[in-house]
Amino acid sequence: MNFLDIEKKWRKKWAEDKAYSFDKSKIDKKKYVLEMFSYPSGAKLHVGHWYNFGPSDSYARFKSMQGYEVFEPMGFDAFGLPAENYAIKTGIHPEDSTVKNIATMERQLQEMGGMFDWDYEVKTCMPDYYKWTQWIFLQLYKAGLAYRKEAPVNWCTSCNTVLANEQVKDDGTCDRCGSPVIRKNLTQWFFKITAYADELLSGLDNLDWPEKTKAMQRNWIGKSVGGEIEFTCESGDKFRVFTTRADTAFGISYVILAPEHPLVDKITTPECRQAVEEYKTACAKVSEIDRMSSSREKTGAFTGAYCINPVNGERVPIWIGDYVIYSYGTGAVMGVASHDERDYDFAKKFNLQIKRVIKSKDGSPDELPYHDYGIMVNSGQFDGMTSEEGRVAVIKWLESKGAGELKTNYRLRDWLISRQRYWGCPIPIIHCPHCGEVAVPESDLPVKLPYNVDFAPDGASPLLKSEEFMNCTCPKCGQPARRDPDTLDTFVCSSWYYLRYPDAHNDKAAFDPDIINAMLPVDKYIGGAEHACMHLLYARFFTKALRDLGYLKFDEPFTSLVHQGTILGPDGYKMSKSRGNVVSPDEYISKYGSDAFRLYLMFGFSYKDGGPWNSSGIESIVKFLERIERLVVKATEISAPKDKERGKAEKELLYTCNYTIKRVTEDMENFSFNTAVARLMEFVNALYKYDSEVANKNLYIFKDCIEKLVLLLAPFIPHVAEEFNSMLKGAYPIYRRAFPVCDESALVKDEYELAVQVNSRIKCKIVVPSDSDNKTIESIALSNEAIIAATQGLKVVKVVVIPKRLVNIVAK
RNA sequence: GCCGCUGUGGCGAAACAGGCAGACGCAAGGGACUUAAAAUCCCUCGGGGGAGACUCCGUACCGGUUCAAAUCCGGUCAGCGGCACCA
């Protein structure tokens, strides 16, 4: 059988028949199976795409055969930096390269034989899509969830451009030119994801997601419960610090502000000004990555100013230091050298006071710095209180004096969404000299991305150089105005694509809420784990925000999530061009066919783990397919009347058949594809055994089992199974046929074998009738010759009988 | 440093929920068919000992709980992923 020809034949027929069209009239039986859409940068599908899409598609087909109306769309996350960088390097326009890459990938995806419904294809770089990305931006903007503020960005001093964090190398230099990267304040757009921090955290509890991913999101959101303490400077200025350890407040030896804190300039004394200014300049040169490194030596400068510790009235010096992060908490911290390692290091370096206020609860060693919870000492009326009580009590006491309040902080920051880049979705905002920031009226959307733009980096947004784009009229006052020159982070585009798919061609709205509320949430979402704290978090935020704006009636976009593992290069490293260990699926597909390749991916790896590529087993998959083919050919030659005569061999065959059905069904549900395939191989082996060993075959049962086998195989090898199905004159298309259902009665055996142990060592196997009770099993075991021999001279102390498993005889 | 995950034959991996470790397959070795090869089919295949029936050891390492541990508990080591001066 020529698998390549067969695959081509069926793909042609499926396309002609529109076999995989989603039937909207069956929406009540819908199953929305979604694979993370891909980024068309590499020009071709790689093994990773296959590993994501192939087995997922088999799952979708399995659900379809179970009677669900499966919606499995496909599309492209088409804006983004790689296409732009490629353009900068080669001069090929990002739109041209992207359109070309998409065409290639579409063809390859079709060769995969996925049941994707291409009528719902989405490409984020097309105006009919990004029009609605802009529309959603405006809804968030009007709701106060999108705003502009000054924020530090990574700035390459040589390229004169803003860099994303991932473009800054570990040593703080530019990924492209190697020049130093500094932090610079620029006005940027943000989404207020922090408004949803608490719900994003609590919502995780009810999601069927990998625990690991949920843990990462929890970590990322970083809830910490504590309080704020207000300090008054001698100048009269007030500021607050955030702390989770108010129980240590009596041990404050200094307070420390972030260098960017607005109070710094105001309170710094003339004597200290020069040192403070020098320190601030030095800080700006340090990259964010360096600054965040905990191994760095503490640095700082004294402002010359003092404030009063509200818990004990002590006079406390005010320092600045870059280990305090301006964007977290209040941008100011109390320095308790005795009970915090960082403060301890700082105090040691600058010779500041170190005063113990916590001792251990049980007298265990509590050398300073001692950061564990303990008992409060040197803390006035709080002496003797535990840290757990004190950290709340001290804040509450301060609250009553107007100098503090309980407060919860999150590590999560607002999402910076503006990019000074060309190949992205334009931000639909107009800046008017008279009216200020004005939203583009919805009737004027989309704000189209112009084609003819010089996108070579020179420090400003490329769109600034397009006068045709920039100049516009203010929708409010009609005066000349300028457009926002930035584009949106591509993660904005991908935060709502799963909402667009079911209503992909709606030109009146981003989506029809009625359709979306019926189609979502996504029932099974499959994609890489690397998106845990980005795409998967952003998409959840969008869903919640759009729900609150009244467009959606569900809280979470993805009910159930599976991460496929990563297929590494044969050398065990992540595949990369620079390492030269990239494996292309194409050569295997053109040699063995896409079904064989898909089946190999499903059998050779544990789906959620992945692992190094190794092609040594792929030929055996082809042999497996040929083995099945021989059975099918045999079956086509059989025309036996229904025959209920069942001997031992038939019972055994039917047992294997139904056991296979049961296990494959369970394994598919769990994405445990490798064991599902193993069970199918066992079934095939059993059919061969029956065929060769049984002289007087029940041909009806034999043929029936082969027909079931083909149905079981349909999700795994869609083309080849369709061919087998047609050879057997089964109804077309096979994926609309019912997946076999296990006949539990066939799994009931008259008798079964179980192992007998003496002192936990297996001595023999016995066969007992299936309905035996424990007593019967025990007596059969004890009367077995091998057991009598093994217990000779010993006294049986205890007999443990586990039906269907084993018997353990404890003898001394 | 913190959080999470993983560690099983020569290899990819199985083992539901404490109950026969290594299913299924690759590689390897042997055999049948063949003039020969390919294809196909059959057998062996964790390690040690034994002629053999058998027997001892074995799931990273050390200890514990249990009639019974790859699985549970405590500790150690190694690898992977994430976060990392978050107060």
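Below, chain A is the first sequence line, B the second, and so on; all start at residue 1. These numbers were taken from a predicted model, which means no experiment stands behind them.
- OP1 or OP2 of B:rA15 has not a single side-chain nitrogen or oxygen of A:Arg663 nearer than 4.0 Å.
- Looking at A:Asn808, its side chain comes within 3.5 Å of the base of B:rC67 through a donor and an acceptor atom.
- Pair assignment for B:rG81: B:rC3, on the basis of Watson-Crick or G-U wobble contacts that are both within less than 3.5 Å.
- For A:Arg411, a side-chain nitrogen or oxygen approaches OP1 or OP2 of B:rA84 to under 4.0 Å.
- For B:rG25, one of the phosphate oxygens OP1 or OP2 lies less than 4.0 angstrom from a side-chain nitrogen or oxygen of A:Asn685.
- The shortest distance between the side-chain N/O atoms of A:Tyr328 and the OP1/OP2 oxygens of B:rA87 is below 4.0 Å.
- OP1 or OP2 of B:rA87 sits under 4.0 Å from a side-chain N or O of A:Ser224.
- Between A:Tyr370 and A:His339, the ring planes are perpendicular. Angles over 60° get that label, and only those under 30° would be called parallel.
- Between B:rG82, B:rC67, B:rA15, one nucleotide has an atom nearer to the side chain of A:Ser760 than all others, and that is B:rC67.
- For the pair A:Phe624 and A:Ile717, the minimum side-chain heavy-atom distance is 4.5 Å or more.
- Checked for salt-bridge contact, A:Lys214 and A:Glu211 meet the test: a charged N lies under 4.0 Å from a carboxylate O.
- Pairing for B:rG74 goes to B:rC62, judged as Watson-Crick or G-U wobble with the two contacts each under 3.5 Å.
- A close approach under 4.0 Å does occur between a side-chain nitrogen or oxygen of A:Lys763 and OP1 or OP2 of B:rU55.
- Taking only side-chain atoms of A:Glu682, from C-beta outward, the nucleotide of B:rA13, B:rA87, B:rC24 with the closest atom is B:rC24.
- Straight-line distance from the OH atom of A:Tyr688 to the P atom of B:rG25: 13 Å, rounded to whole Å.
- Summary of the strand contacts: A:Ala678 and A:Asn409 both lie near RNA chain B, and taking for each the nucleotide with the nearest heavy atom, the more 5' one is attributed to A:Ala678.
- Across all strands shown, the partner of B:rC26 is B:rG10, judged by Watson-Crick or G-U wobble contacts whose two distances both fall under 3.5 Å.
- B:rG19: Watson-Crick or G-U partner is B:rC67, with both key distances under 3.5 Å.
- A donor and an acceptor atom, one from each side chain of A:Tyr607 and A:Asn670, are nowhere located under 3.5 Å apart.
- Residue A:Arg627 has a polar side-chain atom (N or O) positioned under 4.0 Å from OP1 or OP2 of B:rC41.
- Across all strands shown, B:rC41 pairs with B:rG31; the Watson-Crick or G-U wobble distances both stay below 3.5 Å.
- With a cut-off of 3.5 Å on both pairing distances, B:rA53 has no Watson-Crick or G-U wobble partner at all.
- Under the 3.5 Å distance criterion, the side-chain polar atoms of A:Asn409 are left unmatched by any main-chain donor or acceptor of A:Ser224.
- The shortest distance between the side-chain N/O atoms of A:Ser606 and the OP1/OP2 oxygens of B:rA14 is below 4.0 Å.
- Heavy-atom nearest nucleotides on RNA chain B were determined for A:Thr330 and for A:Ile802, and the one closer to the 5' end corresponds to A:Ile802.
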